[in-house]
Amino acid sequence: MDMKNAITRARRGLREERRLYIVAVTSLAVAFICLGATLLGVTNLDAAAARWGQSGRITLFLKDDADAQDVAQLRVVLEGLADVSEVTHVTPTQARESFLEEADVGADLSALPSEVFPASLEVALVQGVTRERSESIATRLAQFRAVSDVESYGSWFQKLDQLLWGARMLALGLALLVMFCVVAVIGNTIRLAVARRRQEIEVMKLCGATNGFVRGPFVLEGMFQGFASALLAILALLVGYLALHDSVDSTLAALTGSRVVFLGVWTLVALLVGGAVIGAIGSAVSVRRYLAV
Amino acid sequence: MQGTKVVRPFPFFRAGARASQPQLSKPILVLEDVYKFFRPDQPTLRGVDLSVERGEFAFITGPSGAGKSTLLKLVYRELRVDEGRVLFCGRDIGRLTDKSIPFLRRNLGIVFQDFRIIDHWTVFENVAVALEIVSMPQRLIRSRVAEALERVGLAGRGPEQTSNLSGGEKQRVAVARAIVPEPALILADEPTGNLDPHLAIDILTLFEEINSTGTTVLFATHDHSLISKRDHRLISIDDGRVSEAQQGLKHWQGSSGIHTLVG
């Protein structure tokens, strides 16, 4: 196939059928936006999970009547552990202040008394401590007399894992759906274009054009549609991301301690290349049946 | 664009190109006991034997539905023979694979009654397409197309939109497209069918001029007035069978009358 010639003819095809292709690209961009938005959700959940997984921590809630000496002794034990990087004592007053500062539940909670919030020891673990090790430390710490309850966030991680798994499955399902949409929409668009340019194909075939020569421009047109749709979707997502970034970022930082992130470079490349490849495949499949002259 | 490979699989098919003596001595087209069935009990072509020499001009005539177009379609392999052989330059067309058909067609120029030119393309684009498919450099395409347009009387009209042309001019564009790759054989399937008698003679003359440069021409028509004006070889198809006269109508030896002959 003569690539230069194919590009010239594809450009002419795109120009002649521009209305048809604009409609197709817009429809496909919507499908890509759905996929991109899901991937954005998965990326941010992943980022939050990674941050929480790396910065492992345990909270030891202290009994209301815990003896100060027992608490001090517990603190010495904790600081002696190789897995612990920092121990912070949080009083009920500090816990109340922190809660009122970070929580944004849309109601006035300033009337809550400090007694509602138990005192605690916030234990920060060193980097690289596994969840299993964290659970084991938490189990041992629970046996101390001053401790009423231990939160190692294991159940939270479990829920996060489940959420991530669900989100990944959703993304996978959407990816398959989008793939199907791209093949179907581009296939039908190209089929319409082919039907309108049937005489051209017939003339070229009668002049001795190979199937590759005839197919080339249509495949390039399909490839362009897939690529343009993915690019349009990414730009739309980026605009949305930039518009909502500030407001969402502070809330997420307060809730999970992680920042909002956009899709990674490789995800963006995969979306663009995937769009182009699927577009080319859809196009090649639909033009095949018109090649018999 | 220098160094671009021009795909020309059978260079010896080109008019004026040097070919080996055995190739030159063979007829350009031979049909041997050819049958074509569209219905099992009623063959459109039955036992057709035909030989066309290099550089010949021959009319193919017969009533509508006699099988003229079918015969030509077998040559450019839109259809495949059911029995017998069609040999083009000694090669059995019926045995060509689908991938080889484009290379056969690059050695044929085909002209149709309905012109088959693309109305939203320019005259130049319509003619150039026959050279673009063989990846010819643009510089060469421009000069070859200009030359072909000059030969058909459309010199300097390359940039014009084809939709603005008259029927006769459109057919000239189609002829230019057929001759621009310098094919060995031109198949014209009722090329004057949509034209008035005056234009029909013009187009016939154009084909004769092309033939005078060495290109073989098979001209299918059922127009009696055209056939009667020339002394070319006459191949008549009736009821799927072929009968012929070497020197036109005046030498016609067939049993059927002239009106039966041309429909």
Side-chain angles (χ1 to χ4, degrees), chain A residues 1-24 189-221 223-224 283-293, chain B residues 1 4-10 13 72-73 75-80 96-112 114-122 125-138 141 162 173-174 176-181 183 187 189:
Chain A
M1 187 176 68
D2 180 354
M3 189 52 79
K4 194 178 169 188
N5 188 277
I7 291 170
T8 308
R9 287 186 298 128
R11 278 172 56 192
R12 182 161 63 187
L14 286 167
R15 202 171 50 236
E16 285 170 2
E17 308 286 348
R18 60 185 174 279
R19 283 184 191 166
L20 183 68
Y21 289 149
I22 286 169
V23 172
T189 311
I190 294 290
R191 204 166 292 155
L192 271 174
V194 167
R196 283 157 72 149
R197 282 146 68 183
R198 202 167 185 166
Q199 203 187 5
E200 285 174 41
I201 295 175
E202 199 180 322
V203 164
M204 286 191 275
K205 292 284 285 177
L206 289 172
C207 287
T210 58
N211 286 348
F213 182 89
V214 176
R215 195 190 292 120
F218 290 106
V219 170
L220 288 177
E221 285 167 35
M223 196 183 267
F224 173 79
S283 182
V285 168
S286 48
V287 85
R288 196 173 53 180
R289 70 173 66 177
Y290 293 92
L291 292 174
V293 177
Chain B
M1 291 300 287
T4 306
K5 192 182 169 192
V6 177
V7 182
R8 198 175 288 288
F10 309 133
F13 282 173
L72 296 183
K73 282 178 181 173
V75 179
Y76 62 85
R77 256 302 291 274
E78 188 173 327
L79 296 173
R80 195 192 280 260
L96 288 179
T97 60
D98 286 349
K99 282 188 175 175
S100 300
I101 294 171
F103 301 104
L104 161 75
R105 290 179 181 167
R106 288 175 194 184
N107 290 284
L108 301 172
I110 313 170
V111 182
F112 298 93
D114 58 357
F115 320 137
R116 298 204 194 173
I117 57 172
I118 315 300
D119 273 344
H120 59 274
W121 287 5
T122 62
E125 287 168 335
N126 267 288
V127 180
V129 68
L131 299 178
E132 284 171 354
I133 60 169
V134 291
S135 303
M136 191 172 277
Q138 277 300 320
I141 291 178
T162 335
V173 174
R177 185 184 61 205
I179 61 170
V180 77
L187 306 171
D189 191 359

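Each chain gets a letter, A, B and so on, in the order its sequence line appears, and its residues count up from 1.
B:Glu78 has its side chain out of reach of A:Lys205: every pair of non-hydrogen atoms, C-beta onward, lies at least 4.5 Å apart. In this structure the side chain of B:Arg106 reaches within 4.5 angstrom of the side chain of A:Thr210, judged on heavy atoms. Residues A:Val203 and B:Arg177 have side chains in contact (heavy-atom distance under 4.5 Å, counting atoms from C-beta outward).
A distance of 11.0 Å separates CD1 in B:Ile101 from CG in A:Leu206, rounded to the nearest 0.5 Å. With values rounded to the nearest 0.5 angstrom, A:Arg196 atom CZ is found 10.0 Å from B:His120 atom NE2. To the nearest 0.5 angstrom, B:Leu131 atom CG is 9.0 Å from A:Cys207 atom SG.
Closest approach of B:Trp121 to A:Glu200, counting heavy atoms only: CZ2-OE1, 3.4 Å.
Counting heavy atoms of neighbouring residues, nucleotides and ligands inside a 6.0 Å radius, atom CZ of A:Phe224 does not exceed 12 of them.
With a 4.5 Å cut-off on non-hydrogen atoms, B:Leu108 does not touch chain A at all.
In terms of heavy-atom pairs under 4.5 angstrom with chain B, the leader among A:Arg12, A:Arg197, A:Gln199 is A:Arg12.
With sequence neighbours excluded, no residue forms a side-chain contact (heavy atoms from CB on, under 4.5 Å) with A:Arg19. Evaluation of the salt bridge (Lys or Arg N to Asp or Glu O under 4.0 Å) rule for A:Arg11 yields no partner, not counting sequence neighbours.
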